[in-house]
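Below: one structure, written as structure tokens.
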Amino acid sequence: MNVKEILNNLEAKHPGEKEYLQAVHEVLESVETIYNENPQYEAAKIIERIVEPDRILTFKVTWIDDNGNTQVNLGYRIQFNGAIGPYKGGLRFHPSVNLSILKFLGFEQIFKNALTTLPMGGGKGGSDFDPKGKSDKEIMRFCQAFMLELWSLIGPETDVPAGDIGVGGREIGFLYGMYKKLAKEHTGVLTGKGLNWGGSLVRPEATGFGNVYFTQEMLATKGDTLKGKTVAISGFGNVAWGAALKATELGAKVVTISGPDGYIFDPAGLNAEKIDYMLELRATNNDIVAPYADEFPGSTFFAGKKPWEQKVDIALPCATQNELNGDDARKLVANGCILVGEGANMPSTEEAIKVFHDNKILFSPGKASNAGGVATSGLEMTQNSNKLNWTREEVDAKLHHIMKEIHAACVKYGTGVDGYVDYVKGANIAGFLKVADSMLDQGII
Ligand code: NDP
Ligand code: 2IT
């Protein structure tokens, strides 16, 4: 069957799963030529097998809130593809979570993890639980109830979850505590752990740092650097924080952050104090950035707007999927933006990516430029199995090296005849080849 037929069948089989179909469409479009040139993939039905998860686990999570009321949420873990290592990927707690969103994230994770050079398969999970406004005790009870269902399905050599939207160090702590109580062992079953009990230095910063290291590599292909560049960042969570820290350290001026309520424009640029404040805002569990404007005079809050309307050199979308559409992309390009580096997963719509490619600006897809998070999770797994801790410098150097390797892989498979690098194509082909060839080696299973 050719790629178009496979896609049509998939659309018929999973109608309405729009994020999942969007992610699959992008990858299959990139690998179509390679697939057509290598009949062994069609013979082993590699694409039909790679687009469907190995298994999807769904469960009910019941817990008691602070008022004594019973609450019911849905929990999921998708073990998508284990060809190159244990299933690996984050958990997302957000009211929007559904099967389509987790399938898109799990599918992307397969290729992202393959690009890291480390042995990790692809997985994702989460719940429609809304952390907004919840007390610490409620978060703890929910995490414990979630792990009560999940624990028997995961393990350090089987499936290793981590954080994503709504799941950070606090949640990983509560999840780990319950896993340990049930399994009666300390293992590297989760990553993003606290430093005192098996976590890795640099993991909290890793996704944002990696995104900026990848940005540096892209700029270097044009003989350029971050110094003096104006940067728009969206989001104000874990990834946005790490990206703001590293970009600022390297001499760029970060002029925006955003939340679901709107965005902040701060022409003076973020500094250490403002970046710390960003963390405080996030920790309130309220998901609003508006208070920043009162705290730091000279900055302005634009309610209900996105940062992409500002004139900047570089845009780093670090919030959520499909947050940057065709109109936003046209505004960025018209204002002279030279680079868009995705920190979030699939933040740009297909139309936006087309605008970036048509205008030949530097554009990196999340599966390449945000891979530093899961790569450092992989480094945490290695430290756990060796029962040792690396220094900050050691982890950071390994992360930096991995981001350079991912960039090189994108350039290898994505450079066109005119020299323009299509990083989407490069990342998808490099990731696909590693996973597809591993599947061939292991037979029809
Ligand atoms: P966080 O929970 O720390 O922060 C994300 C926050 O952004 C959410 O609370 C959300 O608020 C907010 N947000 C949602 N929509 C918008 C919007 N349109 N504009 C601005 N803010 C918005 O999550 P992370 O920083 O961990 O994740 C951010 C992105 O990075 C996600 O796409 C994630 O999949 C990706 N990622 C994360 C990695 C990690 O290691 N944490 C690794 C690689 C990728 P609300 O809840 O109100 O919607
Ligand atoms: O999207 C991602 O790569 C993550 N949320 C991190 C996954 C991980 O296992 O560290």
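What you see is a predicted model; the values in this text were computed from it and never measured. Atoms within each ligand, like the ligands themselves, are counted from 1 in listed order.
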Does [X] come within less than 4.0 Å of [Y], counting only side-chain N to carboxylate O?
X	Y	value
Glu380	Lys193	yes
Asp66	Lys137	no
Lys354	Glu351	no

Requested in this report: Answer yes or no on whether Lys305 is positioned over the face of Tyr263, meaning its NZ or CZ is under 6.0 Å from the six-membered ring centre and within 45° of the axis.
Outcome: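 Not satisfied by the 6.0 Å and 45° rule.
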Counting from 1, what ligand 2 atoms have a heavy atom of [X] closer than 4.0 Å?
X	result
Lys124	1 (O), 2 (C), 4 (C), 5 (N)
Ser377	8 (C), 9 (O), 10 (O)
Ala162	8 (C), 9 (O), 10 (O)
Gly163	4 (C), 5 (N), 6 (C)

**Report entry** Gln442, CD: over 12 other non-hydrogen atoms inside 6.0 angstrom
**Finding:**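 Yes, CD of Gln442 has more than 12 neighbouring heavy atoms, counting only those of other groups under 6.0 Å.
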Query raised in the report: If you count only heavy atoms, which residues are under 4.0 Å from ligand 1?
Result: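 Within 4.0 Å of ligand 1, protein side: Arg92, His94, Lys112, Lys132, Asp164, Ile165, Gly166, Arg203, Thr207, Gly235, Gly237, Asn238, Val239, Ser258, Gly259, Pro260, Arg282, Asp287, Cys318, Ala319, Thr320, Gly343, Ala344, Asn345, Asn370.
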Report task. Please state whether the rings of His357 and Phe363 are parallel, tilted or perpendicular, taking 30° and 60° as the class boundaries. Result ->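 His357 vs Phe363 ring planes: perpendicular.
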Report task. Give the ring-plane orientation class for Phe142 versus Phe129, where under 30° counts as parallel, over 60° as perpendicular and anything between as tilted. Result ->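 Ring orientation, 0 to 90° scale: parallel.
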Report task. Please say which of Lys246, His401, Lys404 ends up in a side-chain hydrogen bond (donor to acceptor under 3.5 Å, both in side chains) with Tyr213. Result ->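 For Tyr213, the side-chain hydrogen bond (donor to acceptor under 3.5 Å, both in side chains) test succeeds with only one of Lys246, His401, Lys404, which is Lys246.
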Query raised in the report: Is it true that His186 and Tyr176 have ring centroids separated by less than 6.0 Å?
Result: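 For His186 and Tyr176, the ring centres are under 6.0 Å apart.
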Query raised in the report: Do Ser30 and Tyr413 pass the side chain to side chain contact (heavy atoms under 4.5 Å, CB included) test, and can you show the C-alpha distance, the side-chain angles, and the key distance before you say yes or no?
Result: CA-CA 10 Å; Ser30 296; Tyr413 292 107; over 6 Å; no
Requested in this report: Name the option, out of Lys88, Lys112, Arg92, that contains the heavy atom nearest to atom 1 (O) of ligand 2.
Outcome: Lys112
Contact partition for [X] relative to ligand 2, non-hydrogen atoms under 4.0 Å:
X	result
Gln109	side chain
Arg203	side chain
Thr207	neither

**Report entry** atom 7 (C) of ligand 2 [closest protein heavy-atom partner, distance rounded to 0.1 Å]
**Finding:**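 Here the closest protein heavy atom is Gly90 N, 3.5 Å.
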